[in-house]
Amino acid sequence: MPADRHKIPERPVADRIKDFEEVALPFDLESAKAEAKRCIQCKKPKCVDGCPVEIDIPAFIKLVAEGKQDEALAKIKEKNALPAVCGRVCPQEDQCEKLCILGIKGKPVAIGALERFASEQPSPSIPLPEGEGSTKVKVAVVGSGPAGITCAADLAHMGYKVTMFESLSDSGGVLIYGIPEFRLPKKIVRTEIEYVKSLGVELLNDVLIGKTLTIEDLFKDGYKAIFVGSGAGLPNFMRIPGENLLGVYSANEFLCRINMMKAYKFPKYLTPIKIGKKVAVFGAGNVAMDAARCALRLGADEVKIIYRRAREQMPARIEEIERAEEEGIDFHLLTAPTELFGNENGWIKEAECLKMELGEPDKSGRRRPVPVPNSEFRVSIDTAVIAIGNKPNPLIPQSASDLKTEKWGGIIVDPATQMSSIPGVFAGGDIVRGAATVISAMGDGKVAARKIKEFLNV
Amino acid sequence: MPKILSKERLAQNIVQIEVDAPMIARSAKAGQFVVLRINEEGERIPLTIADKDPESGKVTIIFQEAGASTCYLGSLEVGSEIKNILGPLGTPAHINKVGHVVVIGGGVGIAEIYPAIKAYKDAGNKVTTIIGARCKDLLLSEAKIKSITDELLITTDDGSCGRKGFVTEILKEMLEDSSIEINLVYAVGPVPMMEAVCHVTAPAKIKTIVSLNPIMLDATGMCGVCRVTVGGQTKFGCVDGPEFDGHLVDFKELKARLSAYKDKEKIASDHVCKLAHL
């Protein structure tokens, strides 16, 4: 029988809820080697099929087992520009680890934790293509989130002259503004961005494609192909009365103030934030967990997650739900808000909610929540965060009339080539999929880079 | 990093700067704005583009030192570099030939109406401009506006220049004068002024465009803090605006939302004063 799966160490709850330092800790060398040795090195490894960026998982795990951490990292980096990120935020339980053969009878190999372990050291220098392979052909990458970074890194490896455009001052997209420090330290994102720069990618920040420059301008400036990975940046609201009361934040606003503008260091950092004592977060995805745990760290007494479906249907990673629970986040499931009420100054003071029960499955395959008649009740709150997903930002499609989009705003691409309705314009990640995962965005960036090479044929 | 190329104090608390931002200078249109951040610790400050020169790559911004960040910006000298400037943001003004347009600027809004006057003129409209301020010293860009508008009318609260009173009084008289036909009113200024203008024009059913200044963060449609209710629907000031049909705007909600961080302002100002030795 293989040994039991090694659990990744975590900081004790009492310590971690006082600061924004990382919650999960890396394996020590012995645990990493022992965990790596659990891998039975399948001839036809199923785990690789579950990896959107096609990492040779058994190969890197073997190198970890042999104590060759640097070679393991180089092996991962052949396919994945962001191992330190993916080792932390990938939903491995739905991907590689879900398909691990050990998972049938016992627990799968901790692939994510091993990837993170391998990444805990300086990046290997991968020789840059020179001479024959390198070209002077310019390619533009729009957005510097996971899709853009992956596409830019791969294109640079192929020898293209890549410029990565970003509307915010710091590159990294959702990795910077969205995911909090305690789940993904920003230092790691910066290191990964430096790596992309070291490949020769030029970063142009504070340029909003669609406003500062259009897709047409980019072609005029000599870019021969464009990859759009601008993400799903537009927050959804619940469309219930009272949503514009003071103290009601979109999760994007709440997390941007904290992660990007460091509002928790006010007034040293001049962007303010107001967090009351009784916080309600509506939604139950990873972003909702992040927002709830941020509120707790910023001094809220009670933080509730209010979600209209049941526990099994919560979209967040199980690991994140468990950590939120351990930290004392209070889950109110099968509960849907119907109206928000404010005080005389316009600040939120109460939410009216309805109890729900599960009915027939809906389009998503999940059982639809239906209201329980006469079950209205009120919850006293002074801060609300709405974390019910995002839509693509329409700025790029609005500025390029030939760019075909779905009704919900996503850019339509040919699934085989990632190319949009405009020849030479490729797209991937959340702008195509709607709000999805970091790793699926990276997978799109990777495929797009290959298809851009085929399209350019140089 | 973008550099401040010139600086001029137009009035006691009102400063004009030119920033080196060639890409913005090339693409900016009337009604649009920028967001700038002074340094790593700074807020993202949304400011209207008062003018631009695509040739030299300069963008002109006029702002009132109203809070911590704008006071800090006003303390910077020519040659200083700021962390970033992003733009042009927002939907450009929809400028058509409608006939007679009355453009109204109040307070620092006077400095922001120049691009609109110019655009309405260029589209073939007759433009009457009304500007109003507390006193003579706060009447900005008067000569510049006079050079392009068909008619310029001035009010001051204390009567130190032009007529004593508010812009709305002149507007009201124009509406009552049957010999004057007004096809569109365009107003930029303090929220109470824009609201008052809308009260005057609503009974006469004259379309009135206002340029709103809700609190913003990213200003690219990402955070939604700038939401305003327009005709019963939630809009984002940063991407759907900043210009809206004034008769449909929920001004009460706008004023409440603008007050969100009032109590933090003193703390921020004290901090900045220490920092900038103001």
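Within every chain, numbering begins at 1; the chains are lettered A, B, ... in the order of the sequence lines, protein sequences first and strands thereafter. Everything numeric in this text was worked out from a predicted model, so none of it was measured.
Of the atoms belonging to A:F254, not a single heavy atom falls under 4.5 Å from chain B. Proximity to chain A is absent for every atom of B:E265, based on heavy atoms less than 4.5 angstrom apart. With a 4.5 angstrom heavy-atom cutoff, A:L255 does not touch chain B via any of its atoms. Only the side chain of B:R37 comes within contact range of chain A, with heavy atoms under 4.5 Å apart. With a 4.5 Å cut-off on non-hydrogen atoms, B:V225 touches chain A through its backbone and its side chain both. Looking at B:I215, the atoms closer than 4.5 Å to chain A (heavy atoms on both sides) all sit in the side chain, from C-beta outward. Both the backbone and the side chain of A:R257 come within less than 4.5 Å of a heavy atom in chain B. Only the side chain of A:K262 comes within contact range of chain B, with at least one heavy atom under 4.5 Å from a heavy atom of that chain. With a threshold of 4.5 angstrom between heavy atoms, B:I85 approaches chain A through N, CA, C or O but not through any side-chain atom. Both the backbone and the side chain of B:I267 have a heavy atom closer than 4.5 Å to some heavy atom of chain A.
Side-chain atoms of B:E41 and A:K268, non-hydrogen and from C-beta on, do get closer than 4.5 Å to each other. Side-chain contact check for A:P272 versus B:E43: some heavy-atom pair is nearer than 4.5 Å.
Taking chain A as the reference chain and counting heavy-atom pairs below 4.5 Å, the highest number among B:G90, B:S69, B:A68 is found for B:G90. Residue with the most contacts toward chain B among A:D206, A:T212, A:N244, A:T214: A:N244 (heavy-atom pairs, distance under 4.5 Å). For the options B:D263, B:V228, B:D250, heavy-atom pairs under 4.5 Å to chain A are most numerous at B:D263. Residue with the most contacts toward chain B among A:N205, A:N345, A:V248: A:V248 (heavy-atom pairs, distance under 4.5 Å). Chain B forms more heavy-atom pairs under 4.5 Å with one residue of A:N252, A:L208, A:T271, A:L246 than with any other, namely A:L246. Counting heavy-atom pairs closer than 4.5 Å to chain B, the top residue among A:F237, A:W347, A:Y249 is A:F237. Ranked by non-hydrogen atom pairs under 4.5 Å with chain A, the options B:G224, B:P88, B:G42 are led by B:P88.
In summary, the side chains of A:N393 and B:T220 do not present any donor paired with an acceptor at a separation below 3.5 Å, with no hydrogens or angles considered.
With B:R227 contributing its side chain and A:E243 its backbone, the two residues share a donor-acceptor pair below 3.5 Å.
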Verdict with reasoning, B:F236 to A:L234, per side chain to side chain contact (heavy atoms under 4.5 Å, CB included): CA-CA 10 Å; B:F236 285 5; A:L234 203 71; 4.0 Å; yes

Trace of the side chain to side chain contact (heavy atoms under 4.5 Å, CB included) decision for A:K211 with B:V239: CA-CA 10 Å; A:K211 287 288 179 189; B:V239 288; 5.7 Å; no

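Heavy atoms of other residues, nucleotides or ligands lying less than 6.0 angstrom from CD of A:E216 number 12 at most.
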